Amino acid sequence: METLNQYRAFIQKVLLDFAQHHQPNSKEAELELQPIFDVQRDRYQLLYIGWHNKKRIYTPILHFDIKDHKIWLQLNTTEEDPTAELIKLGVPKEDIVLGFQSPFMRQFTEFAVS
């Protein structure tokens, strides 16, 4: 349980740090970067939501789940590597799954297969 609570805190830290450093500029005042934490179901997202140039924006940019005591990166539409931040915080690579990759391709990464 301690590891699970640590993983929850680590994911939240990664998402909050990303949100803090990537806030939309003042010209995009109607657009916000919104972290969403569902700790009960272990689902965590960061998304852009609001309006830009009279167009509705609702775009998830990062999505993590915790399943079977492993952190699953389900979506990363950024050019940054959130798994590197998790590793710096102490998460072993064998506890990170790149869920956006096919199960077949995961065996060729340095991370967990599932």
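Please read all numbers here as calculations on a predicted model, not as lab measurements. Throughout, numbering of the chain's residues begins at 1 and tracks the sequence.
Between the NZ atom in Lys67 and the OG atom in Ser114 there is a gap of 9.0 Å [rounded to 0.5 Å]. Atom CD of Gln6 sits about 12.0 Å away from atom CD1 of Ile11, to the nearest 0.5 Å. Between Glu110 atom CD and Ile96 atom CD1 the span is 9.5 Å, to the nearest 0.5 Å. To the nearest 0.5 Å, atom NZ of residue Lys13 and atom CD of residue Glu85 are 8.0 Å apart. Separation of atoms CD1 (Ile49) and CD (Glu32) is listed at 6.5 Å; rounding is to 0.5 Å. Rounded to the nearest 0.5 angstrom, His63 NE2 and Arg43 CZ are separated by 6.5 Å.
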Legend entry - Intermediate values then yes/no, salt bridge (Lys or Arg N to Asp or Glu O under 4.0 Å), Arg8 and Asp42: CA-CA 7 Å; Arg8 288 173 176 147; Asp42 283 321; 2.7 Å; yes

Inset, instruction - With side chain to side chain contact (heavy atoms under 4.5 Å, CB included) as the test, would you mind laying out the steps for Arg56 and Trp51 before giving the verdict? - result: CA-CA 5 Å; Arg56 178 70 175 159; Trp51 293 88; 3.7 Å; yes

Inset, instruction - Run the numbers on His22 and Glu80 for side chain to side chain contact (heavy atoms under 4.5 Å, CB included), then give the verdict. - result: CA-CA 11 Å; His22 294 86; Glu80 298 185 28; 2.7 Å; yes

Inset, instruction - Start with the C-alpha gap between Tyr7 and Asp95, add the side-chain angles, then the distance that decides, and say whether side-chain hydrogen bond (donor to acceptor under 3.5 Å, both in side chains) holds. - result: CA-CA 10 Å; Tyr7 286 1; Asp95 282 357; 2.5 Å; yes

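Between Gln40 and Asp38 there is a side-chain heavy-atom pair separated by less than 4.5 Å. Counting heavy atoms from C-beta outward, Gln12 and Val39 have side chains that approach closer than 4.5 Å. No side-chain heavy atom of Thr59 sits less than 4.5 Å from a side-chain heavy atom of Thr77. With contacts defined as side-chain heavy-atom distances shorter than 4.5 Å, the pair Leu47/Ile36 qualifies. Residues Phe104 and Gln107 have side chains in contact (heavy-atom distance under 4.5 Å, counting atoms from C-beta outward).
Linking Ile, Leu, Val, Met, Phe, Trp and Tyr whenever their side-chain heavy atoms come within less than 4.5 Å puts Leu62 and Tyr44 in one cluster. Put simply, Ile57 and Leu75 are part of two different groups of oily side chains (I, L, V, M, F, W, Y) that touch within less than 4.5 Å, one to the next. When the side chains of ILVMFWY residues are joined at heavy-atom separations under 4.5 Å, either directly or via intervening members, Leu33 and Leu73 end up in a single hydrophobic cluster. Hydrophobic cluster membership is shared by Leu98 and Val91, with clusters built from Ile, Leu, Val, Met, Phe, Trp and Tyr side chains linked at under 4.5 angstrom. Trp72 and Phe100 fall into different hydrophobic clusters, where Ile, Leu, Val, Met, Phe, Trp and Tyr are joined by side-chain heavy atoms under 4.5 Å apart, directly or via other members.
The shortest heavy-atom contact between Ile61 and Phe18 is CD1-CE2, 3.6 Å. Nearest heavy atom pair, residue Phe10 against residue Leu89, reads CZ-O, 3.3 Å. Here the closest heavy-atom approach between residue Ala112 and residue Lys70 is recorded as CB-NZ, 4.0 Å.
The backbone N or O of Thr78 sits less than 3.5 Å from a side-chain atom of Asn76, completing a donor-acceptor pair. Judged by distance alone, the side chain of Asp81 and the main-chain N or O of Thr83 form a donor-acceptor pair under 3.5 Å. Arg106 places no side-chain N or O within 3.5 Å of a backbone atom of Phe111 that could act as its donor or acceptor partner. With hydrogens and angles disregarded, a donor-acceptor distance shorter than 3.5 Å links the side chain of Gln23 to the backbone of Ala19. With Asp17 contributing its side chain and His21 its backbone, the two residues share no donor-acceptor pair below 3.5 Å.
Residue Asn5 places its CG atom among more than 12 non-hydrogen atoms of other residues, nucleotides or ligands, all under 6.0 Å distant. Atom OH of Tyr58 is surrounded by 12 or fewer heavy atoms from other residues, nucleotides or ligands within 6.0 Å.
Put simply, the residue from Pro82, Pro35, Pro60 that forms a side-chain contact (heavy atoms from CB on, under 4.5 Å) with Leu46 is Pro35.
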